[in-house]
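See below for the structure under consideration.
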Amino acid sequence: MSLKNMLCKHFLKTTQGFSRNILKYYQIINNGSIKEVRNIGIRKVHTTEKSPRILITGGLGQLGTECAKLLRKHYGNENVILSDIIKPTEESLSNGPFIFADILDFKGLQKIVVNYRIDWLIHFSALLSAVGEQNVPLAVRVNIEGMHNVIELAKQYKLRIFIPSTIGAFGPDSPRNPTPNVTIQRPRTIYGVSKVHAELLGEYYHHRFGLDFRCLRFPGVISSDPPGGGTTDYAVAVFHEGLLTQKYECYLEPYTRLPMMYIEDCLSALFQFLNTPKELLQRRVYNVTAMSFTPEELFEELKKHVPNLKISYKPDGRQYIAESWPQVFDDSEARRDWGWKHKYNLEKLVESMIHDVRKNSSSKRSMKEVNSYV
């Protein structure tokens, strides 16, 4: 065989192998659309693009710590800086950088962005729905003034910024089943008002200043972490208290249907959305969801694993909040534009939560104080 033919054969073989490797990489990255994954795969393979430096505010909440673990796995521990104003656990400190960051201190945030050379900002700091209604002035400061600071910071330093929104961004005048991506909102909680404000301001900064603003409206997010004061947190609290005491008193009526999502799906959506090329995004704010169920449906599924579980109902002010929220979320635009797909249904969610809570419950304290509505 001539040298020329040998070189051609070797080049063809190498090219074929390279193509197969890229295809495998597409499949590993995420379950998004072929178009989206191809763009991401090509960018990763053909360039030496550095990993982004990421700041997470409100990082010790339900989403922050799990989000940090996921991002550190992909981008390296030192490239993901967790921040909050509360004292971190030893585990939080051992997994990567942690710093004190007050979102109401603009100059302090500036210093962090400059010193740590931040590229992306993920803003989780917020007072949730039920907690916010008990302290509206504080909710205004944290949820609105704090958001103003981070979004202006992102504009000033040309950061990619992600701010989560919620089903709470809708109100009683919104269509509830299904709730489309664009419709009337008009929420009646300060939490919801602050989220609509963030959505609109982020979209304005995108169109006016070119800010790479991204926002997902999440449903109730279910994880093994203790409840944090949200209206959908009954679906978390029942696992903590039900598995421990074999009983649970629910603060919502049994028929109250709400959209929900397991934490793994939530993080998958967040990671996929953050890495979607901006050319594929027809919107800056998207609904995402996985399922909708009522307390009664959740408890019946849980009783298959905990047959002696005793359920009672004592609705409080959170029932009024829940009745103004969507029952079924329409996330077809996210599925169309950037290939969003969920993995967990109700049955799989319950099985995973039982496993996670039993595995992680080192504390045997009752959750009664979390369920009380003052």
Side-chain angles (χ1 to χ4, degrees), residues 29-30 32 35-37 39-44 47-59 63-64 66-83 96-97 99 101 103 106 109-126 146-165 195 197-218 266-286 288 333-334 337-340:
I29 281 293
N30 55 48
K35 182 178 180 182
E36 173 204 355
V37 175
N39 284 342
I40 294 173
I42 289 174
R43 188 168 70 248
K44 292 281 187 180
T47 72
T48 56
E49 182 179 346
K50 70 179 182 68
S51 294
R53 300 274 293 174
I54 306 168
L55 174 66
I56 303 176
T57 66
L63 292 180
E66 295 303 319
C67 179
K69 290 177 185 177
L70 175 65
L71 295 176
R72 283 168 175 166
K73 179 180 178 181
H74 286 272
Y75 301 124
N77 286 1
E78 297 305 311
N79 285 324
V80 181
I81 294 90
L82 205 58
S83 73
I99 58 175
I103 60 168
F106 184 77
L109 292 174
Q110 278 184 307
K111 186 179 297 185
I112 291 169
V113 168
V114 171
N115 289 346
Y116 286 88
R117 306 184 311 282
I118 299 300
D119 302 302
W120 294 2
L121 200 163
I122 300 176
H123 181 58
F124 285 142
S125 296
M147 182 274 298
H148 285 181
N149 282 341
V150 297
I151 210 165
E152 181 61 31
L153 197 70
K155 176 180 79 75
Q156 181 175 334
Y157 292 100
K158 295 180 172 54
L159 311 180
R160 176 172 298 180
I161 183 169
F162 175 83
I163 301 178
S165 190
K195 288 302 183 181
H197 182 64
E199 292 177 14
L200 294 177
L201 192 66
E203 288 181 337
Y204 170 76
Y205 268 62
H206 169 70
H207 294 297
R208 177 71 174 80
F209 303 112
L211 176 67
D212 190 355
F213 167 78
R214 304 184 182 211
C215 177
L216 294 178
R217 294 192 192 110
F218 289 124
C266 176
L267 294 173
S268 175
L270 173 58
F271 182 79
Q272 185 178 343
F273 186 53
L274 280 171
N275 284 282
T276 298
K278 60 184 179 181
E279 296 80 12
L280 296 180
L281 300 180
Q282 296 188 35
R283 300 194 181 281
R284 289 285 136 180
V285 181
Y286 286 93
V288 288
E333 294 194 13
D337 291 354
W338 45 278
W340 158 239

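What you see is a predicted model, and the numbers here were worked out from it, not measured in a lab.
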Between Q272 (side chain only) and G339 (backbone N and O only), is there a donor and an acceptor less than 3.5 Å apart? yes
Kindly compute the distance separating [atom1] ([X]) from [atom2] ([Y]), expressed to the nearest 0.5 Å.
X    : Y    : atom1 : atom2 : answer
L70  : C266 : CG    : SG    : 10.5 Å
I112 : L55  : CD1   : CG    : 6.0 Å
L267 : L63  : CG    : CG    : 6.5 Å
S51  : H74  : OG    : NE2   : 11.0 Å
E152 : Y157 : CD    : OH    : 10.5 Å
K155 : Y205 : NZ    : OH    : 6.0 Å

To check you understand the geometry: which heavy-atom pair defines the closest contact between [X] and [Y], and what is its length?
X    : Y    : value
S165 : K195 : OG-CB, 3.6 Å
W340 : A269 : CZ3-CB, 3.6 Å
G202 : I151 : CA-CD1, 3.5 Å
L82  : A68  : CD1-CB, 3.7 Å
P164 : F124 : CG-CD2, 3.7 Å

Using side-chain contact (heavy atoms from CB on, under 4.5 Å) as the criterion, point out the one residue from L274, N79, I122, I81 that pairs with I54. I122
Out of I163, I56, V150, I103, which one pairs with S125 under the side-chain contact (heavy atoms from CB on, under 4.5 Å) rule? I103
Parallel, tilted or perpendicular for F273 and W338, by the 30°/60° rule? tilted
Aromatic plane relationship, F162 with F218 - under 30° parallel, 30 to 60° tilted, over 60° perpendicular: tilted
Validation row: [X], [Y] side chains within 4.5 angstrom (heavy atoms):
X    : Y    : value
E78  : P97  : yes
V113 : Q156 : no
H206 : R214 : no
Y286 : L281 : yes
L211 : Y204 : no
S83  : I99  : yes

Option passing side chain to side chain donor-acceptor pair (under 3.5 Å) with D119 (candidates K50, R53, K158): K50
Only pairs at least two apart or in different chains count here, so list each salt bridge (charged side-chain N to carboxylate O under 4.0 Å, His left out) that has a residue in residues 197-210. E199-R217
